[in-house]
*Asks:* 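Got a structure here, written out as C-alpha cells. Questions coming.
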Amino acid sequence: MIRVLSVFGTRPEAIKMAPVVRRLQARPERFESLVCVSAQHREMLDQVLDVFALTADHDLAIMTPGQSPANVVARVLDLLPPLLRTVRPDVLLVQGDTMTTFAAAFAAYLERIPSCHVEAGLRTGNRYHPFPEEMNRVLTTRLADLHFAPTAMARDRLLAEGVPPDTVVLTGNTVIDALLATVSADHQFTTTALAGLDSRLRQVLVTTHRRESFGEPLKAICAAIGDLVARFPDIEVVLPVHPNPEVKRTVEAGLCDTPRVRLIEPVDYVEFVHLMARSYLILTDSGGVQEEAPSLGKPVLVLRDTTERPEGVEAGTAVVVGTDRERIVATASRLLTSTEAYERMATAVSPYGDGHASERIVSALEQRYG
Ligand code: UDP
C-alpha cells in the first residue's frame, strides 16, 4: 500500500488535482489516498470539492482576510509538519505554483518525505512575472522528488535545468482530464445570471486576477472591454469577478454601468466550463483557462505580457496581447470581424493533453513508490 497525501488550497489546484485523487481512490488495493486542504481560498475551493465529490481528510483552514503570500507560507509551515508526523504519508503530492504548493513541498522536505509535483516545468523566465507564482514553480522543482511535466516543452525545460531525467515524466495536463469529464452537450445553466444569456449576441468571456495587473493594467483591460462593447453591438461581455478585493474594486469601478457587460460572481466549475463552451472568444490572464479553451475550440487572448504556456501561442490557439488597451481592442476586433482569422485559431489543435494525464501520474507513482 502506498499512502499518498495530496495537498492543495486554491480553486485551480483543486480542479487539476481532482482527477488524480479520483484515480488514486479507484485503486484502493494499491493506494491509500488522503487529502489535506490548506484552504488558501475558501469558497472557491469548496465549490470544486463539491463538484468532484471530494472530501478533505484534513483542513488547515488558513485563510484570513487580506492574507499576504508570506502569511500563507507561515501558516502552512506552522500547521503541516505536525500533521505529516502523524499521518506519515509515503509521498506527498502538490500541484502548480501557489504559496500552498511551495510551502507544502518545503514542509515535506523538512520531514524527509518525498514530494511529487503535478504540472512541473512551467516558466516565464522572469522571476516577477507572474508574481509570486514563477518563484513558487522554481522552488518546488528544487524540492520535488518526481516531476510530472504537462508538455514536452515543460519536460525539456526541467531537463535543461539539470533535473535528473529519470525523475521527469511527461503526462499531459490534468486540467484536460477534468474538463473532458465535465463538459456535456446538454448542459442547462443553473446560475441565474447565465440562464439569461442573450442567444442573439456573441458572448466574450473575460477573467482577470493576476497580481501584477493590479492598478493601471487592470484599468486598461476594463477600458478595452468598454471600447469593444461600444464598437460591436452584437457582443456581450461576461466577466466572473475574482473575489480578490483589488480586482473587485477596479473592475466594478470601471465596468459596473457599461451596457452589455455582465459582472457576475465566480461560478462553479461545471457552469464555468459550459460558459467557455458557449463563448465566442475568451480574454483571460488565467493559466487554467488558457489550457482549457483550445480543447473547446475557443480562441484565447492572453491579458499578460508573458506566458509560461507558450505551447498555445505556438500551436495557434492563443495570442499574448498584454494589458495595452489599443492592442487588446485591435486583436479582439480582428477576431470579431474576420471569420478566417477566427477559424484559424478556433481549429488549431490543443497542445495540453489528451485527458489521460492522471492515469500516467498514478502509474508513475506506483512504479516509483510501490
Ligand atoms: N474557473 C471557475 N469559475 C470561474 C472562473 C474560473 O471554475 O468563475 C476555473 C477555470 O475553469 C480554471 C480555473 O478556475 O480551471 C482557473 O483558475 P484561476 O484563473 O483562478 O487560476 P489560474 O489558472 O490562473 O492559476
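The shown structure was predicted, so the numbers you read here are calculated from the model rather than taken from an experiment. Residues take their numbers from the sequence shown, with the count starting at 1. When a ligand or atom number is given, it counts from 1 through the structure's own listing order.
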*Asks:* With backbone taken as N, CA, C and O and side chain as the heavy atoms from C-beta onward, which portion of H209 lies under 4.0 Å from ligand 1: side chain, backbone, both, or neither?
*Replies:*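 The part of H209 near ligand 1 is the side chain, not the backbone.
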*Asks:* Which residue supplies the protein heavy atom nearest to atom 9 (C) of ligand 1, what is that atom called, and how far is it?
*Replies:*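 Checking every protein heavy atom, the shortest distance to atom 9 (C) of ligand 1 gives I15 CD1, 3.7 Å.
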*Asks:* Hey, does R11 come in under 3.5 Å of ligand 1, counting only N/O atoms on both sides?
*Replies:*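 Indeed, backbone or side chain, R11 has an N or O that close.
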*Asks:* For ligand 1, which is the ligand I care about here, please tell me if G287 has any N or O atom under 3.5 Å from one of the ligand's N or O atoms.
*Replies:*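 For ligand 1, there is an N or O atom that lies under 3.5 Å from one belonging to G287.
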*Asks:* Classify the angle between the aromatic ring planes of H187 and F189 as parallel (below 30°), tilted (30 to 60°) or perpendicular (above 60°).
*Replies:*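 Geometry flag for F189 against H187: perpendicular rings.
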*Asks:* Checking S358 against R22 for the side chain to side chain donor-acceptor pair (under 3.5 Å) test, could you report, in this order, the C-alpha distance in whole Å, the side-chain angles of both residues, the deciding distance, and whether it holds?
*Replies:* CA-CA 9 Å; S358 42; R22 296 291 293 270; over 6 Å; no
*Asks:* Counting only nitrogen or oxygen atoms and a 3.5 angstrom limit, does E292 reach ligand 1?
*Replies:*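 So ligand 1 has an N or O lying under 3.5 Å from an N or O of E292.
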*Asks:* Looking at OG1 of T98 and CD of E13, how far apart are the two atoms once the value is rounded to the nearest 0.5 Å?
*Replies:*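 One gets 3.5 Å once the value is rounded to the nearest 0.5 Å.
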*Asks:* Looking only at distances, please establish whether an N/O atom of ligand 1 is found under 3.5 Å from an N/O atom of V267.
*Replies:*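 Yes.
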*Asks:* Would you check whether V175 has a nitrogen or oxygen atom less than 3.5 angstrom from a nitrogen or oxygen atom of ligand 1?
*Replies:*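 Among all N and O atoms of V175, none is under 3.5 Å from an N or O of ligand 1.
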*Asks:* For ligand 1, which atoms, with element, lie under 4.0 Å from some heavy atom of Y269?
*Replies:*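 Answer for ligand 1: 7 (O), 11 (O), 15 (O).
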*Asks:* Starting from L159 and following side-chain heavy-atom contacts under 4.5 Å between hydrophobic residues (I, L, V, M, F, W, Y), which residues can be reached?
*Replies:*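 So far as hydrophobic clustering goes, L159 is joined with L158, V163, V168.
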*Asks:* Can you list, pair by pair, the side-chain donor-acceptor contacts under 3.5 Å of residues 240-250, counting residues two or more places apart and other chains?
*Replies:*
unit_1 : atom_1 : unit_2 : atom_2 : d
H242   : ND1    : N244   : N      : 3.2
N244   : OD1    : E246   : N      : 2.9
T250   : OG1    : E246   : O      : 3.0

*Asks:* With the threshold set at 4.0 Å, does a side-chain nitrogen-carboxylate oxygen contact exist between R157 and E161?
*Replies:*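 Looking at R157 and E161, the cut-off is not met.
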*Asks:* Taking atom OG of S279 and atom CD1 of I235, what is their separation to the nearest 0.5 Å?
*Replies:*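 S279 atom OG to I235 atom CD1 measures 11.5 Å (nearest 0.5 Å).
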*Asks:* Checking a contact table here: which protein heavy atom is nearest atom 25 (O) of ligand 1, and how many Å away?
*Replies:*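 Among all protein heavy atoms, the one nearest atom 25 (O) of ligand 1 is P12 CG, 3.5 Å.
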*Asks:* Just which atoms of ligand 1 are under 4.0 Å from any heavy atom in R210?
*Replies:*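 With R210 as reference, the close atoms of ligand 1 come out as 24 (O).
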*Asks:* Enter the distance from L335:CG to Y342:OH here, rounded to the nearest 0.5 Å.
*Replies:*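 Output value for this atom pair is 8.5 Å.
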*Asks:* Please identify which atoms of ligand 1 are closer than 4.0 Å to at least one heavy atom of S286.
*Replies:*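 Those qualifying, in numeric order: 16 (C), 18 (P), 19 (O), 22 (P), 23 (O), 24 (O).
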*Asks:* Below 4.0 angstrom from a heavy atom of P266, which ligand 1 atoms are there? Numbered from 1 as shown, please.
*Replies:*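 Answer for ligand 1: 8 (O).
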